[in-house]
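First up is the structure itself, then whatever we jot down about it.
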Amino acid sequence: MTQTTLSDALNALASRFSGQLLQALDAGYDDARRVHNGLIDKRPFLIARCRNVADVVDAVNLARESSLEVAVRGGGHNVAGRATIDGGLMIDLSPMKGIHVDPTARTARAQGGATWAEYNRETQVHGLASTGGVISTTGVGGLTLGGGLGWLQGMYGLAIDNLRSAQLVLADGRVVTANQDENPDLFWGVRGGGGNFGIATSLEFNVHPVGPMITGGLALHPFARARDVLQFFRDVTASAPDELTTFAALLHGPDGTPLSGIIPCHGGTLADGEAAVRSIRAFGQPVVEAIGPMPYTAVNQMIDAGYPKGALNYWKSSFLRELSDEAIDTMIDCYARVPSPMAGIVLEHAHGAMTRVGVGDTAFPHRATGYNMLFLTQWADPSNTDRCIAWTRESYAAMKPFVGAGRYVNYLDDDEAGDPAADAYGPNYARLRQLKAKFDPTNFFHQNQNIRPA
Ligand SMILES: Cc1cc2nc3c(=O)[nH]c(=O)nc-3n(C[C@H](O)[C@H](O)[C@H](O)COP(=O)(O)OP(=O)(O)OC[C@H]3O[C@@H](n4cnc5c(N)ncnc54)[C@H](O)[C@@H]3O)c2cc1C
């Protein structure tokens, strides 16, 4: 498309677009192009801040007809920066925050730009919830489409295990519904296949009675006790009921003290929760022990402050084969050399309802009981970037003997060797590549953890 036809197309779009169209010199452009990870510094040619489905359709059609590369932004949390693009069109869903809860049918529908804070606020009006991100500022869209680990995963499965239906704008501009009855193959694919098939303008979930008061919090111990803490975490998780999902972390306190922590969340009754966390509260001599009844929405925001927008981020993650003593010792040895107090190593317990779904039932294949290990490296000073990235790579390499084959697609970084999607999807990859060929044969949506069309 020539310069004149592109500007004609842009003018035509501007005449009917409900949201905002932003280019480099427009007020708000700089803010809109930024995502969560401050390391990502891309400059789209155009940012289409959509307000409704028609805006998304028009933006997709403009990109296709003008040969502009597309990135789709939901909550902007993808650490690899896949929500934005240099020179192309960023289709920004973040103004699309409508959420409708039907308490009788126990369903909730969220538009593609909602965050978990917004979703939980609405669903909790009715004492309802479904599994969502641990940090409230993460987007419902990207997190769900990749699988969605969260505090309620033992009780109600992953975010995708609660997904009833999605409305998608495909690469050819068509608007389709994907659920068990309509386009069931596409519905299988969007439950884990990320943004590969289309733009999810809305997602409908089953919601369940949760809280509003549940049991959560954290117990922080000296780093010198990390070995005992992680072994205790292994014991607690070995017999945890579905309602109790627990994470462990090596981290620093706000004053820069290195610590080891256990972070439980029990989504059942307060009496059951009190009993389930008793041993965690009683363990060792914590420097902080703040576990007890709190609103579900507060649990969801409890550690938000540790993940500020604009911090520099580089992550690596894999499911562990087992949490052996050797794995624990290696992890502690790595963390003793961490170059930034904002960086952490997190272990996420996979168990319960999320593991009772078949490997091939959805595109997300990691259904075994166990632990996901996440090097969540964050730092503030740009001069520390090389050290932080090097530490993450070296530490991840040191943990290689303990990791299994599976990787969680939503935690993949941008510099993986080989075909990281193959690791992320394992036995489901071939079927996903066939689906990609059916719904997006030209790989129009490729600014994501890309599944190449078969
Ligand atoms: C601080 C922090 C905490 C996190 N906590 C968790 C957690 O508890 N559990 C967990 O599972 N993951 C977690 N993640 C990882 C998270 O799932 C991924 O980063 C996810 O991609 C974020 O989705 P988003 O919409 O915020 O991101 P974005 O960067 O906007 O999008 C991520 C990807 O999804 C695509 N996408 C987003 N929305 C749509 C849509 N509506 N339709 C089509 N494609 C879309 C984008 O194009 C992009 O490729 C966390 C990340 C961060 C930074």
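Sequential numbering from 1 along the given sequence is applied to the chain's residues. Numbering of ligands and ligand atoms starts at 1, following listing order.
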task = Give the atoms of ligand 1, by number and element, whose distance to some non-hydrogen atom of G148 is under 4.0 Å.
result = 11 (O)
message = Would K316 pass as a cation-pi partner of F375, given that its NZ or CZ must be under 6.0 Å from the six-membered ring centre and within 45 degrees of the axis?
response = no
query = Taking N or O atoms only and a 3.5 Å limit, does G133 qualify as a polar contact for ligand 1?
reply = no
note = Of A200, A311, G195, the residue with the heavy atom nearest atom 44 (N) of ligand 1 is G195
request  = Identify the two heavy atoms, one from I85 and one from E69, that lie closest to each other, and give their separation to 0.1 Å.
outcome  = CD1-CB, 3.5 Å
query = Heavy atom of Q449 under 4.0 Å from ligand 1?
reply = no
inquiry  = Please verify the inter-ring angle class for H252 with Y335; under 30° counts as parallel, over 60° as perpendicular, anything in between as tilted.
reply    = tilted
request  = For G198, counting its heavy atoms only, list the atoms of ligand 1 lying under 4.0 Å from any of them.
outcome  = 43 (C)
message = If the cut-off is 4.0 Å to any non-hydrogen atom of G75, which atoms of ligand 1 fall inside it?
response = 24 (P), 25 (O), 26 (O), 27 (O), 30 (O)
ask   = Any idea how Y411 and Y408 line up, ring-wise: parallel (<30°), tilted (30 to 60°), or perpendicular (>60°)?
value = perpendicular
key: Neighbour count >12 (heavy atoms, 6.0 Å) for atom CZ, R321   = yes
key: Location of contacts on N313 toward ligand 1, heavy atoms closer than 4.0 Å   = neither
message = Under 4.0 Å, counting heavy atoms only: does G76 come that close to any atom of ligand 1?
response = yes
ask   = Can I199 be said to touch ligand 1, with heavy atoms closer than 4.0 Å?
value = yes
Heavy atom of G150, distance to ligand 1 below 4.0 Å = no
Option with minimal heavy-atom separation from atom 36 (N) of ligand 1, where the choices are G147, G142, S136, A114 = G142
inquiry  = Could you tell me, atom by atom, which parts of ligand 1 come under 4.0 Å of a heavy atom of L143?
reply    = 6 (C), 7 (C), 9 (N), 10 (C), 11 (O), 12 (N), 13 (C), 17 (O), 20 (C), 22 (C), 23 (O)
Carboxylate-amine/guanidinium contact R452 D440, below 4.0 Å = no
Ring geometry between H208 and Y156 (parallel below 30°, tilted from 30 to 60°, perpendicular above 60°) = parallel
ask   = Which atoms of ligand 1 are found less than 4.0 Å from any heavy atom of G141?
value = 38 (N)
request  = Using distance alone, decide if ligand 1 has a nitrogen or oxygen within less than 3.5 Å of any nitrogen or oxygen in N78.
outcome  = yes
inquiry  = Please check: side-chain N/O of H366 versus main-chain N/O of A424, any donor-acceptor pairing under 3.5 Å?
reply    = yes
Proximal ligand 1 atoms for Q447, defined as those under 4.0 Å from one of its heavy atoms = 49 (O)
key: Results of side-chain contact (heavy atoms from CB on, under 4.5 Å) for P184 - residues two or more places apart only   = none
request  = For R73, take its heavy atoms, then give the atoms of ligand 1 lying under 4.0 Å from any of them.
outcome  = 30 (O)
